[in-house]
Amino acid sequence: MSSRKFSLPTYLLALVFSVLAIFPFCWMALSSVKPLQELYSVPPTWLPQNFSFENYTNVLFSSNIPRYFLNSVVISFGATTISIFLAALAAYGFARFRFRGQGALQASILISQLLPTATVIVPLYIILGRLGLINTYAGVILVYLIHTLPLCTWMLIGYFRALPFEIEEAALVDGASRLLILFRIVLPLSVPGIISTVVYCFVSTWNEFIFALVFATDRTVKTLPIGLAEFTSEFNTDWGSVMAASMIMTLPIVVLFFGVQKLFVGGLTAGATKG
Amino acid sequence: MKRRRRWNQGYFFIFPAFLVLGVMVLYPLIDTVVLSVTDENGSYIGSRNFVQMLTSRTTSLATYNSIYYVGGSIILELILGTVAGILLDRHFVGRGIVRSIMLIPWVVPGTVAATTWAWMYHFEFGIINYGLQSLHVISGPVGWLTSAELVKPSLIVVEVWKMFPFVALMVLAALQGIPASLYEAARIDGATFYHEVRYIMLPHLFGILASVSLLLLIWGLNGITIIYAMTGGGPANRSLILPIQIFKEGFESFDFNRAAALSLVLFIVLFAVIVIQVSISQKRHGAANE
């Protein structure tokens, strides 16, 4: 809030932080368009001397990455859609009704978010194994709901509570059912909130690593994070392809995020400012 | 109120979500307890799994590594995040761009952060070794991820890079909640920027930093991604932290029972920390309200 005159330390510090934050990302982008012999040269070049897309063609035409990309899209879309649907119902229940045990149930939603992932992996593996859901889209999506469902519910409760009740009351008087009200009035009114919830959900499933490592070990369901880790851990790492694959994996997220940045940051920090 | 009459409909709305969470969270938790006190054939063996896990040298090494890694990361994230948050709250030309740029590390997927930093740390062709040699900070290339002494600090750098923007965002949000009149009053009294930070901002940030550090602790103790993708816990277990040990015990040695015992211990410790932290912050909150 300090609106003072031009201050050199502020600009210097802003510059240092910006460079720190963006440099690895830039280095990844630059490395991805350098041919291998340039990548493996000492001293390294800053800007690409022989600009080339060969790493990208490698990744796109002679690796599993396109398939993993498809898997990631299917799984993230699936988990996001189901989470939003179930979370909208639950959030509406919490925001608009009073019932016994409400406080405890609402708190338990938050607590399940705090659970260490490592704790539930083993039993989940056994359950999914029994249901025959290991290495299936359905299995991975189901597991992802553990993370996304509580978070989406929590975010949506906030958005729904902020809506005035009067409009719904009018519809109730006209004899509309609660379910109809949720889908025809409440959801359309909270579109900004839904968008930020969707983005958060999509990004967190897109980036998820531990569950995918356990429950998606087959080529047909492996997601991008696993594919990428595989690339690097192989003995002879093709760093050019790794950087190209990293770019391919990051770009959708960055575009999505900055497309709705205003909405998102507002939604995430709304609770923090109130406290 | 009209709402009271329809209390039972509330259950109908929350039921599907709780069904999923019950099956996917509650049941596995109970199952973990059962697994931890049985052997691979399912017969009850009391505390043998716990004794075996808690007395193993690997567990004590992993505990030490976890405290080192998570503790070191949190301290640096809080310091850097607070400085960055205060910076982003000040008015300067290009602030919007700087805010967007600072979000990048947090948005970039964890595995991508891991591979990119692994490339930058590369022994022969890494930009970090080259840069530090050009600046004469080091005389020869350093094996950042293969040296027993350097592997943890090197990984902490990546973790801090990834997470400090989150702290900055939370600090920024809290700072924007401070009424401008407070600063104006302070300035009339001749307060410098240092005074504003020391007597207005930092006291105001206490609550949010406490809850942020709790979140960072939980995420840190869950955070397999960066370490697993960069070193897999090596060299010689020097970067092995507890969640990776649980993972390896379960899915590399296929000893589900011992993995369950160890996860239960981790869960109890974490739960205790959460309870202590919440009760302390409530006490402080209560004291502040009096």
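Proteins get letters first, then strands, A, B, ... in listed order; numbering begins at 1 in each.
- The distance from the CG atom of A/L105 to the CZ atom of B/F18 is 4.5 Å, given to the nearest 0.5 Å.
- Contact count versus chain B (heavy atoms, under 4.5 Å) is highest, among A/V214, A/L182, A/V254, A/L224, for A/V214.
- In this structure, chain B has a heavy atom under 4.5 Å from the backbone of A/L20, while its side chain stays farther away.
- Between chain B and the options A/L149, A/L145, A/L15, A/V143, heavy-atom pairs under 4.5 Å are most frequent for A/L149.
- For the atom pair OG1 of B/T225 and CD of A/E208, the computed distance is 7.0 Å after rounding to the nearest 0.5 Å.
- In this structure, A/F99 has its ring center no closer than 6.0 Å to that of B/F12.
- Heavy-atom distances place the backbone of A/S41, and not its side chain, under 4.5 Å from chain B.
- When the options B/N257, B/D255, B/L35, B/T32 are evaluated for a side chain to side chain contact (heavy atoms under 4.5 Å, CB included) with A/V122, the one that passes is B/L35.
- Close approach to chain B, defined as a heavy atom under 4.5 Å from one of its heavy atoms, is seen in A/L86, A/L89, A/A90, A/Y92, A/G93 of residues 86-93 of chain A, taken by number.
- Contacts between A/I126 and chain B at a heavy-atom distance below 4.5 Å involve the side chain alone, from C-beta outward.
- Looking at B/F247, only its side chain comes within 4.5 Å of chain A, counting heavy atoms on both sides.
- Counting heavy-atom neighbours within 6.0 Å of B/F206 CZ, excluding the residue itself, gives a total of 12 or less.
- With a 4.5 Å cut-off on non-hydrogen atoms, A/L179 touches chain B through its backbone and its side chain both.
- With respect to chain B, the highest number of heavy-atom pairs below 4.5 Å among A/V203, A/V42, A/L213 belongs to A/L213.
- Closest heavy-atom contact between B/A118 and A/W239: CB-CH2, 3.8 Å.
- Residues B/Y27 and A/P123 are not in side-chain contact: their nearest non-hydrogen atoms beyond the backbone lie 4.5 Å or more apart.
- Of the two parts of A/F94, the backbone and the side chain both hold a non-hydrogen atom closer than 4.5 Å to a non-hydrogen atom of chain B.
- If you tally non-hydrogen atom pairs under 4.5 Å between each of B/P109, B/P16, B/A17, B/S134 and chain A, the highest count goes to B/P109.
- Heavy-atom distances place no part of B/Q133 under 4.5 Å from chain A, backbone and side chain included.
- Proximity to chain A (any heavy atom under 4.5 Å) is restricted, for B/F164, to the side chain, taken from C-beta onward.
- In this structure, A/Y125 OH and B/D31 CG are separated by 14.5 Å, a value rounded to the nearest 0.5 Å.
- Atom CD1 in B/I86 sits 11.5 Å away from atom OG1 in A/T10 (nearest 0.5 Å).
- Contact of A/L39 with chain B is made through backbone and side chain together, with heavy-atom distances under 4.5 Å.
- At least one side-chain heavy atom of A/F23 sits less than 4.5 Å from a side-chain heavy atom of B/M120.
- Taking the side chain as every heavy atom from C-beta outward, A/V242 and B/W119 never approach each other to under 4.5 Å.
- Of all heavy-atom pairs between B/T115 and A/M243, the closest is O-CE, 3.7 Å.
- Taking CH2 from A/W27 and CD1 from B/I127, the interatomic distance works out to 3.5 Å, rounded to the nearest 0.5 Å.
- Heavy atoms of B/F92 lying under 4.5 Å from chain A belong to its backbone as well as its side chain.
- Relative ring orientation between B/W106 and A/Y200 is described as tilted, the plane-to-plane angle lying within the 30° to 60° band.
- Put simply, of B/I246, B/I97, B/T116, B/V23, the one with the most heavy-atom pairs under 4.5 Å next to chain A is B/T116.
- A/I253 touches chain B through backbone and side chain together, each having a heavy atom under 4.5 Å away.
- Of all heavy-atom pairs between B/L87 and A/F17, the closest is CD2-CD1, 3.8 Å.
- Across all their heavy atoms, A/V120 and B/V25 have their closest contact at CG1-O, 4.4 Å.
- For the set A/G101, A/P9, A/S18, the entry with the most heavy-atom pairs within less than 4.5 Å of chain B is A/S18.
- Ranked by heavy-atom pairs under 4.5 Å with chain A, the first of B/A84, B/A259, B/G94, B/G110 is B/A84.
- If you take OH on B/Y228 and CZ on A/F209, they are separated by 6.5 Å, rounding to the nearest 0.5 Å.
- Ring geometry for B/F125 against A/Y40 counts as parallel: the plane angle stays under 30°, on a 0 to 90° scale with 60° as the upper cut.
- Among A/I82, A/I226, A/L128, A/L142, the residue making the largest number of heavy-atom pairs under 4.5 Å with chain B is A/L142.
- Side-chain atoms of B/Y11 come within 3.5 Å of backbone N or O of A/R100 as a donor-acceptor pair.
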